[in-house]
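Working notes for the structure below.
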Amino acid sequence: MNSTKHFSVVIIGAGPAGIGAAIALYKRGVKSVALVERSDKIGGIPSLYKKKKGGVRTFIRWSRGGIPFFGEDYAHWLGEQLSKTDVQLWLQSQVIEIEAKENRITLVNPDEGRVSLTAAAIIMACGSREETASERGWLTGARPMRVFFTKQLLQLIDGNGLLPMRNPVIIGSDLIAYAAAAKLKVAGAADAIIVDNRRRPKCSYFERLYFRRWSQPNFRGVAAKSVEVVGSKTASGIRLSREDELIPCDGIVLCGELIPNSELALQGNLKVELPSRKPVVGRDSQLSEPGWFAAGNILGGFHGAEWCYFNGRRVARAVINHLSQSS
Amino acid sequence: MVDWPDGNLDAAVRFDEDPYDVIIVGAGVVGCALAYKLSQYRLRVLLLDKNYDVGEATSKGNSAIVHTGFDAAPGTLESQLVTQASRQWPELAEKLKIPFEKCGAMVLAITDEQNKQLDTIHAKAVSNGVDDVRLLSAAQTRELEPSVPQDVLGGLLIPRESIADPFTTSIAYAEVALANGIDILFGAEIVEIEDADKTIKKLVTARNDRIATRIIVNVAGLGSRRLADLYGGDEFDINPRRGQFLIFDKYSRSAIKRILLPIPTAQTKGVLVIPTIFGNLIAGPTAEDFSLDDEEVTDTTLEMLQSLLSGASRLFPGLVDQPVIGTFSGVRCNCSQGSYWIRSNDGHQGIVTVTGIRSTGFTSSPTLAEYLIKELHEKCGLNLEKNPNAVDSRPESNWPGWWQRPFANGELVKQNPDLGKIICYCENISRGEIIQHLDSPLKPRTLDAIKRRTRAQMGRCQGFDCQIKVAEIISEHCGIPLSKITKRGPESEIVPAPTAAGNEGKG
Ligand SMILES: Cc1cc2nc3c(=O)[nH]c(=O)nc-3n(C[C@H](O)[C@H](O)[C@H](O)COP(=O)(O)OP(=O)(O)OC[C@H]3O[C@@H](n4cnc5c(N)ncnc54)[C@H](O)[C@@H]3O)c2cc1C
Ligand SMILES: Cc1cc2nc3c(=O)[nH]c(=O)nc-3n(C[C@H](O)[C@H](O)[C@H](O)COP(=O)(O)OP(=O)(O)OC[C@H]3O[C@@H](n4cnc5c(N)ncnc54)[C@H](O)[C@@H]3O)c2cc1C
């Protein structure tokens, strides 16, 4: 019943990785490429970090001598590069289903309803999300309002000009956590208390040093078996069970510890490692079915935006190889 | 009418005018079912709750099993109401458009000791009138459910044990009751009762509204003891019993078809593995006792969650590798004096106490409501005259239902492009569906109310992608500032109120 359209390559996700792949395919003369994105704009995670005077730049461009950028600027740059290509962009298009053997994806969007796309090669550049409390495994307790993810902080602070909390507790200690602490401080909150179940912060010394310009968060390494969220209506603290200590706060942010957005791969029976949700990739980021590739943060682990962009370009070369072999 | 404290209606003035025939205190599944059934008669009825949606307490945190009553204590009121209700459910679900599936259940015996007990359970089921149960050999058990342990010794099949959507059930009852002219008031905690001994009694809310009525039905669940103290009801004790659950991602759902139950011990019914109507699996519940002062304790704890996993994996060993996407807990209203503890004219004429609806109230809600109406008629003198204009079903058009999401139908999306704007990526819930629910009869306005209706925020990412977008849609569609959107009513606002200094959110 769905209409079906054919392409030589379909890319799922217009974040740095997907755009990197799209640009590389264009530059190497691949025609008929579709870039499918569920949001109403391109750029992925970086597009949520708005440019602001006195704000915190959290994206580093190593290719430009390690200059820190605002995510929004980086997304803008990606958009400019993309506009020079003939890649067909599908916005507001959520891919809801894949059929791996048929090289087919099905998407929903407001204009066309349901559409299927087929292609000789498909790149999954779906990015990642942050671990939930249950995925972290050591965070239990109440489920009040104001237990946010970093993404939600960005939507509230940068997207809506609201201050989500004044006395933050941050769970997790990677770069995203320190960036969130800085972001909150600049927005008007106090220095955060950063809690993680490890002895030392995951974020490197030099990265932490960078963020000290904006905020001096207090790291609490809790070897505690469990940490409980406290608060009946809104978050009012966390309890470190072993120390039996209550750290008061008026909001909690679950930061970092990225989980790949591999649900489409799982749904389509491509091999995915559980519970880490990392897609199983072979040589050249090939997934378990020929013609399917993965690029960017969907691969698992933490990678900055520029790494993802270059990874997208690299995967594009593998895709071109595949196209030339199968034709 | 549905009213919110922040609505335009001056409740105090309005409520003083004319007494209600019946006020139902507590809009859990039992209160909602009662409102639904009472709305078939010519009566003035008010359903009220301290929360800001129906079914926000015990009725939202349960196993969502529509029990056959195979393991109930034979001869009790509970057994009678549950077995009757079990046979009514398929039709009820159809009328009220409640997602419902007769998936069946299986009791598993792993040890010789347990295998011997299967016969006893079988006999009990038959004496409860559940005569379609069937004993299974080890081979039959494995054939029907290949994911159970290889060393299973036998099983008992309960074909009619079913699952349903617990959230939609309370909502559906209340929507039909509302359509038939029953009033609903949210944010109304009853803190005092005046003139309990008179024909016309007055319920006083925490906001100091006085609402007059001839009959009070106390279906306040865990709050029933405190409420009964206000009118000097009979002695009974509530010992809240918490049950925690693990929720597994949808990929695990296809591994089992039926509800898997262990052989109960003297202490506990044990940990079950239960398919949900939404396509997940859940494992639970625990049974942990609290005192009434802790009644709001719906926390989850690490030790218990770990014990759930080991318990559940005895029924389905593969579960240990499945990703857990969330946890929740519910608190049973456990009454020391017995389950289904019902007193008519309790303390005073015209007051009915209904408590101890511990672990089967979701199932029994339709028959319990009928039983209560009979009590009200026979013991409290409630006059029952059928309302010929009353409806008993929800309109077909209300929403397509989970079994038929709009995204599955491209033509539908083209007619209403909002149905193609996917907001919740895990469950593929569109902006259009969220708006349909905001415009639905009970006027849900909180994040949790939208979550229970649409499933947005209930998927594997737990709101990472959609929570703020849902809040923005509520804000925009209902004209409420974003900062005032709440999780479940006042004091659970999404952000703290700004301070006088006010240089907020500039970063
Ligand atoms: C909350 C958060 C904060 C971060 N902060 C920083 C930071 O400050 N600095 C930094 O260097 N890195 C940060 N990162 C890391 C970030 O993931 C990378 O910088 C980079 O954005 C990854 O690029 P990507 O293209 O792989 O994924 P993303 O940027 O996540 O892009 C993936 C895109 O795919 C789309 N998509 C996914 N599934 C579908 C589907 N089914 N259908 C259609 N479209 C789909 C998404 O909408 C998204 O636009 C952060 C990550 C997260 C999750
Ligand atoms: C872990 C667990 C698993 C379960 N599994 C199942 C199952 O599989 N199948 C099944 O059939 N049953 C099950 N149950 C039982 C079922 O959930 C309950 O029997 C049912 O929800 C009880 O509904 P209720 O309306 O009596 O109570 P509640 O839902 O608790 O409603 C009481 C309402 O009264 C309100 N209230 C209290 N005090 C006041 C006051 N002073 N003023 C105003 N309002 C007030 C509360 O806000 C609340 O909304 C389970 C229960 C638990 C806890």
Side-chain angles (χ1 to χ4, degrees), chain A residues 1-2 38 52 54-56 92 94 96 108-115 129-130 132-135 137-138 140-146 149 151-152 155-166 183-188 225-226 228-229 232-234 241 250-251 263 266-267 274-275 277, chain B residues 246-247 249 251 296 298-303 305 321-328 407-414 417-422 425-426 428 430 447 460-465 467-469 472 482-483 486-496 498-499 501 503-507:
Chain A
M1 224 185 70
N2 308 334
R38 58 192 176 191
K52 276 185 189 167
V56 191
Q92 284 200 346
Q94 155 92 341
I96 54 166
V108 173
N109 78 22
D111 306 319
E112 281 126 308
R114 255 173 103 97
V115 189
R129 59 176 173 84
E130 295 170 293
T132 62
S134 17
E135 283 167 337
W138 47 279
T140 56
R143 308 177 45 139
M145 188 73 243
R146 287 182 220 156
F149 296 99
K151 174 162 183 184
Q152 299 171 328
Q155 291 170 318
L156 289 170
I157 299 176
D158 285 358
N160 288 288
L162 293 173
L163 179 64
M165 57 193 74
R166 294 201 180 81
K183 186 120 210 131
L184 278 163
K185 181 76 184 283
V186 171
K225 282 241 177 51
S226 92
E228 280 169 10
V229 174
S232 61
K233 293 193 167 136
T234 58
S241 66
D250 66 351
E263 45 278 346
L266 266 167
Q267 173 269 318
L274 291 178
R277 295 181 185 267
Chain B
L246 296 169
I247 315 168
D249 206 345
Y251 313 107
E296 306 281 14
T298 51
D299 287 15
T300 53
T301 61
L302 196 63
E303 312 80 68
L305 295 174
D321 299 324
Q322 292 296 330
V324 172
I325 65 162
T327 60
F328 69 96
F407 71 77
N409 182 342
E411 290 312 305
L412 204 64
V413 173
K414 276 192 223 163
D418 269 353
L419 293 174
K421 291 183 188 152
I422 305 295
Y425 299 145
C426 300
N428 291 319
S430 64
L447 288 168
R460 63 185 69 83
C461 88
Q462 297 282 297
F464 170 86
D465 275 311
Q467 187 184 52
I468 305 298
K469 284 189 281 177
E472 286 169 353
L482 184 64
S483 59
T486 68
K487 184 170 166 67
R488 42 179 179 248
E491 292 171 49
S492 64
E493 285 78 15
I494 190 164
V495 297
T499 54
N503 58 344
E504 317 261 86
K506 67 178 163 60

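With a 4.5 Å cut-off on non-hydrogen atoms, A:Thr132 touches chain B through its side chain but not through its backbone. Residue contact with chain A, scored on non-hydrogen atoms closer than 4.5 Å, involves the side chain of B:Glu472 exclusively. Interface residue A:Glu228: only side-chain heavy atoms are found under 4.5 Å from chain B. Contacts of B:Ile494 with chain A are made by both backbone and side-chain atoms, with heavy-atom separations under 4.5 Å.
Side chain of A:Arg166 to main chain of A:Gly188: no donor-acceptor pair is present (N/O by atom type, distance under 3.5 Å, no hydrogens or angles). Panel note: side chain A:Gln94, backbone B:Tyr425; a donor-acceptor pair is recorded below 3.5 Å.
Side-chain contact check for A:Ile157 versus A:Leu184: some heavy-atom pair is nearer than 4.5 Å. The shortest distance between side-chain heavy atoms of A:Gln155 and B:Lys469 falls below 4.5 Å.
For the set A:Glu130, A:Arg129, A:Glu135, A:Arg146, the count of heavy-atom pairs under 4.5 angstrom toward chain B peaks at A:Arg146. Most heavy-atom pairs under 4.5 Å with chain A, from the set B:Arg488, B:Arg460, B:Gln462, B:Gln322: that is B:Arg460. Taking chain B as the reference chain and counting heavy-atom pairs below 4.5 Å, the highest number among A:Gly251, A:Gly54, A:Pro144, A:Pro275 is found for A:Pro144. Most heavy-atom pairs under 4.5 Å with chain B: of the set A:Val229, A:Asp111, A:Leu274, this distinction falls to A:Leu274. Ranked by non-hydrogen atom pairs under 4.5 Å with chain A, the options B:Ile247, B:Asp465, B:Thr486, B:Leu447 are led by B:Asp465. The candidate with the highest count of non-hydrogen atom pairs below 4.5 Å against chain A, out of B:Thr301, B:Val324, B:Asp321, is B:Thr301. Counting heavy-atom pairs under 4.5 Å between each of B:Val495, B:Val413, B:Leu482 and chain A puts B:Val495 at the top.
When each of B:Leu419, B:Ile422, B:Asn428 is paired with A:Val108, the side-chain contact (heavy atoms from CB on, under 4.5 Å) condition holds for B:Ile422 and for no other.
Residues meeting the ring-ring contact (aromatic ring centres under 6.0 Å, His included) test with B:Tyr251, sequence neighbours left out: none. When the side-chain contact (heavy atoms from CB on, under 4.5 Å) test is applied to A:Gln92, the partners found at least two apart in sequence or on another chain are A:Asp40, A:Pro110, B:Lys421.
A distance of 7.5 Å separates OG1 in A:Thr140 from CD in B:Glu303, rounded to the nearest 0.5 Å.
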